[in-house]
Protein chains: 2
Amino acid sequence: MDSMDGFDVMNPQCPSRVVLQRLGDKWTPLVFQSLKDGTRRFGEIRSDIGAVTPKVLTQTLRTLERDGLITRTIYPEVPPRVEYALTRLGSSLLGPLDAVREWAEANAGEVLASRDAFDDAL
Amino acid sequence: MDSMDGFDVMNPQCPSRVVLQRLGDKWTPLVFQSLKDGTRRFGEIRSDIGAVTPKVLTQTLRTLERDGLITRTIYPEVPPRVEYALTRLGSSLLGPLDAVREWAEANAGEVLASRDAFDDAL
DNA sequence: CGGCATCCGGACCGATACTG
DNA sequence: CAGTATCGGTCCGGATGCCG
């Protein structure tokens, strides 16, 4: 569509906006954090993250697989084993996502304090 | 103060998880993009982003103000004028958010292609 | 101009139970 | 172990209309 080669999130019609939103959903950053050191199994991701139900985790993983960010490998064994790993594309997202995560951890205190101050002023 | 860095997104109870989620909501990255070059008025942000209703934009801006990421300055004039700007804390988030935005713009094509391929396989 | 009030639909999320 | 099925709730986000 665009004669230009680039996507622009400031354009309401640009697909990059949809992509950007996906990256910001509730569990995506946490899944990436779990997978950043290599292949992990479903149960491992689940316990890494904690407090996520199987259904929602499956949904998240399926979406990421569909978007080409992770791979899903099934081993036909008993008991079944399924392993997840970042694709090359997914790995390239690790840096950006990590930057946001680190900011959140580093500044959560300040945000919370600001929130309290704001609420007290009401 | 905690001797350790206290906050860890992989801990379900950690407040940083809430903060991380806020950063990923639908309009936050776009507001930051609009404010990155300096102070802007409500209408300017609105037209920068496009396709966002006043109500939702107001909600987003209030939340960001409450979290200490932007300032809101009202000028008692007729017609009224309200200006928004990033705080120091907000500015420190500009880099991380920009990294994700750039990734989205650079790789949206690949994500879309992967999505199509995945859907065709069904 | 920059909101706020109201209503509303649907996406997202979760608890629980069950299965190959 | 790694999901699927079902049901239900919340809440985000949008449309519309009014106000100082």
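In the text below, chain A, chain B and the rest are named by the order of the sequence lines, each starting its count at 1.
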| Can a salt bridge be assigned to the pair A:Glu65 and B:Arg115 using a cut-off of 4.0 Å between side-chain N and carboxylate O? |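 Looking at A:Glu65 and B:Arg115, the cut-off is not met.
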
Ionic contact status for B:Arg17 with A:Glu105, cut-off 4.0 Å: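 No salt bridge links A:Glu105 with B:Arg17.
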
Output one line per pair: protein atom, nucleotide atom from nucleotides 13-20 of chain D, and distance, for all N/O pairs under 3.5 Å.
from, atom 1, to, atom 2, distance (Å)
D:dG13, OP1, B:Lys26, N, 3.4
D:dG14, OP1, B:Lys26, NZ, 3.0
D:dG14, OP2, B:Trp27, NE1, 3.4
D:dG14, N7, B:Lys55, NZ, 3.1
D:dG14, O6, B:Lys55, NZ, 2.1

What nucleotide, of C:dC12, C:dG3, D:dG3, holds the atom closest to the side chain of B:Arg62?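 Closest of the options to the side chain of B:Arg62: C:dG3.
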
Exercise. Rounded to the nearest 0.5 Å, how far does CD1 of A:Ile45 lie from CG of A:Leu30?
Worked result: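 Going from CG on A:Leu30 over to CD1 on A:Ile45, the span is 11.5 Å.
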
Does [X] share a hydrophobic cluster with [Y], counting links as ILVMFWY side-chain heavy atoms below 4.5 Å and allowing steps through other members?
X: A:Leu57; Y: A:Ile74; value: yes
X: A:Trp103; Y: A:Leu20; value: yes
X: B:Val9; Y: A:Leu112; value: yes

Round to a whole Å and report the spacing from [atom1] of [X] to [atom2] of [N].
X: A:Ile74; N: C:dG20; atom1: CD1; atom2: P; value: 16 Å
X: B:Leu61; N: C:dC1; atom1: CG; atom2: P; value: 17 Å
X: B:Phe42; N: C:dC1; atom1: CZ; atom2: P; value: 12 Å
X: B:Glu65; N: C:dG2; atom1: CD; atom2: P; value: 15 Å
X: A:Ile45; N: D:dG3; atom1: CD1; atom2: C1'; value: 13 Å
X: B:Tyr84; N: C:dG3; atom1: OH; atom2: C1'; value: 8 Å
X: A:Glu77; N: C:dG20; atom1: CD; atom2: C1'; value: 15 Å

Exercise. Any side-chain N or O of B:Arg46 less than 4.0 Å from the OP1 or OP2 oxygen of C:dG2?
Worked result: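 The answer is no; no side-chain N or O of B:Arg46 sits under 4.0 Å from OP1 or OP2.
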
State whether B:Arg72 places a side-chain N or O below 4.0 Å from either non-bridging phosphate oxygen (OP1 or OP2) of C:dG3.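 B:Arg72 to C:dG3 OP1/OP2: side-chain N or O found under 4.0 Å.
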
*Of A:Thr58 and B:Arg22, the one whose closest DNA chain D nucleotide lies more 5'*: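 Whichever sits nearer the 5' end wins; that is A:Thr58.
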
Within 45 degrees of the axis of the six-membered ring of A:Tyr75 and under 6.0 Å from its centre: does A:Arg81 put its NZ or CZ there?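 The answer is yes; both the distance and angle limits are met.
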
